[in-house]
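What follows is a single structure, written as C-alpha cells, with notes after it.
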Amino acid sequence: IRMRQRQPAAKPINNNKERFMIITKIEVKDIQKVAKLMKSVYNEAPWNDEWTEESAEEAIKCLLAFPNFFGLIACDGGDALGAILGNIRPYSKQRTYYIDELFVSNAHRRQGIAKKLYEGARDELKNIGVSGSFFTTLKNSEAYKFYIKEGAFDLDDSAVFYHPFN
C-alpha cells in the first residue's frame, strides 16, 4: 500500500462503486473521527464496553503521545471505517510494533478493511526495520481468527493478565 494514494476498497462500500477507501497515517486532526469509531465498535459485541466519545478521545490522545507512535486510518470520504494504532519499541536486538488497537466499523466488516490496515502497517513498518508485532485479542473472536489467517501465532507459553486494584 502506498500511503496517501487512493485505493479501491476490497468490496464496494455502501454498494456505491464510485467511492474509494483511502488509508493514511493517523494525525492529530483524526482524533475525533477515530475516537467516535472506536466508541461505536467497542460498545458492541463481543466487547460490550461502555466507552464515551470523551474516554475514547482521551485513549487515542494517549496513544498518539507515545514515542514512536504509528497508526493508520481507513476513510471513505469523511467517514472513518477502521484504524490500527500502536507504537514501535525495542525488544532485545529488534524493533517491534505493539498494536494497541485494530478495529473496523461494524457496518464495514468483512470487506477487507482490517486486512488492508494490517498489511499496510506491516509493510510500512517492515520497510523501516521493524521485525514483527505483539498484540492481544479475545480467543473466541473473529479478530483471533483474522490474526491466525494473516500468519500470526498464539504464544503458547504466554498469558495476558488483568489485576484489578481494589
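- Put simply, the side chain of Trp51 does not reach to within 4.5 Å of the side chain of Val41, judged on heavy atoms.
- Note: the hydrophobic cluster containing Phe153 does not contain Tyr144 (ILVMFWY, side chain heavy atoms under 4.5 Å, direct or indirect links).
- Taking the ring pair (Phe, Tyr, Trp, His ring centres under 6.0 Å) definition, one finds that Phe135 meets it with Tyr147, sequence neighbours left out.
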Checklist entry - Please walk me through it: do Lys25 and Leu72 pass side-chain contact (heavy atoms from CB on, under 4.5 Å)? => result CA-CA 4 Å; Lys25 288 185 179 177; Leu72 299 176; 4.0 Å; yes

Item to check | side-chain contact (heavy atoms from CB on, under 4.5 Å) assessment of Leu37 paired with Ile73 | outcome: CA-CA 11 Å; Leu37 177 60; Ile73 183 171; over 6 Å; no

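- Under the 4.5 Å side-chain criterion, counting only non-hydrogen atoms from C-beta, Glu57 is in contact with Lys61.
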Checklist entry - For Phe146 and Val104, what are the C-alpha separation, side-chain angles and deciding distance, and is it a side-chain contact (heavy atoms from CB on, under 4.5 Å)? => result CA-CA 12 Å; Phe146 166 79; Val104 172; over 6 Å; no

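- The environment of Glu150 atom CD is dense: over 12 non-hydrogen atoms of other residues, nucleotides or ligands sit within 6.0 angstrom.
- In this structure, Val34 and Ile31 have side chains that are not in contact, with every pair of non-hydrogen atoms separated by 4.5 Å or more.
- Cluster annotation: Ile23 and Leu85 are assigned to distinct hydrophobic clusters (Ile/Leu/Val/Met/Phe/Trp/Tyr, side-chain heavy-atom contacts under 4.5 Å, transitive).
- Here the CG-SG distance, from Asp30 to Cys75, works out to 6.5 Å after rounding to the nearest 0.5 Å.
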Checklist entry - Step by step, would you call Arg110 with Glu142 a side-chain contact (heavy atoms from CB on, under 4.5 Å)? => result CA-CA 10 Å; Arg110 301 216 154 304; Glu142 290 299 314; 3.0 Å; yes

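- Under the 4.5 Å side-chain heavy-atom criterion for ILVMFWY residues, a single connected hydrophobic cluster contains both Tyr42 and Leu64.
- Residues Ile84 and Ile128 fall within the same hydrophobic cluster, defined by Ile, Leu, Val, Met, Phe, Trp and Tyr side chains chained together at heavy-atom separations under 4.5 Å.
- Between Tyr91 and Phe134 the shortest side-chain heavy-atom distance falls below 4.5 Å.
- The distance from the CD atom of Glu44 to the NZ atom of Lys39 is 10.0 Å, given to the nearest 0.5 Å.
- Minimum interatomic distance between Ile113 and Ala74 (heavy atoms only, all atoms of both residues): CG2-CB, 3.9 Å.
- Rounding to the nearest 0.5 angstrom, the gap separating the NZ atom in Lys145 from the OG1 atom in Thr137 is 11.5 Å.
- For the side chain to side chain donor-acceptor pair (under 3.5 Å) test, no residue two or more places apart in sequence or in another chain qualifies with Tyr118.
- At least one side-chain heavy atom of Arg122 sits less than 4.5 Å from a side-chain heavy atom of Glu119.
- The hydrophobic clustering, which links ILVMFWY residues whose side-chain heavy atoms are closer than 4.5 Å, places Ile26 and Leu63 together.
- Taking CD1 of Ile99 as the start and CZ of Phe70 as the end, the distance is 10.5 Å to the nearest 0.5 Å.
- Between Leu125 and Arg95, the closest side-chain pair of non-hydrogen atoms is not below 4.5 Å.
- Rounded to the nearest 0.5 angstrom, Asp49 CG and Met38 CE are separated by 8.5 Å.
- Looking at Lys139 and Asp154, their side chains come closer than 4.5 Å, going by heavy atoms from C-beta outward.
- Looking only at side-chain heavy atoms (C-beta outward), Tyr97 and Asn68 stay at 4.5 Å or farther from each other.
- To the nearest 0.5 angstrom, Lys33 atom NZ is 10.0 Å from Leu81 atom CG.
- The number of heavy atoms from other shown groups lying within 6.0 Å of CD (Glu53) is above 12.
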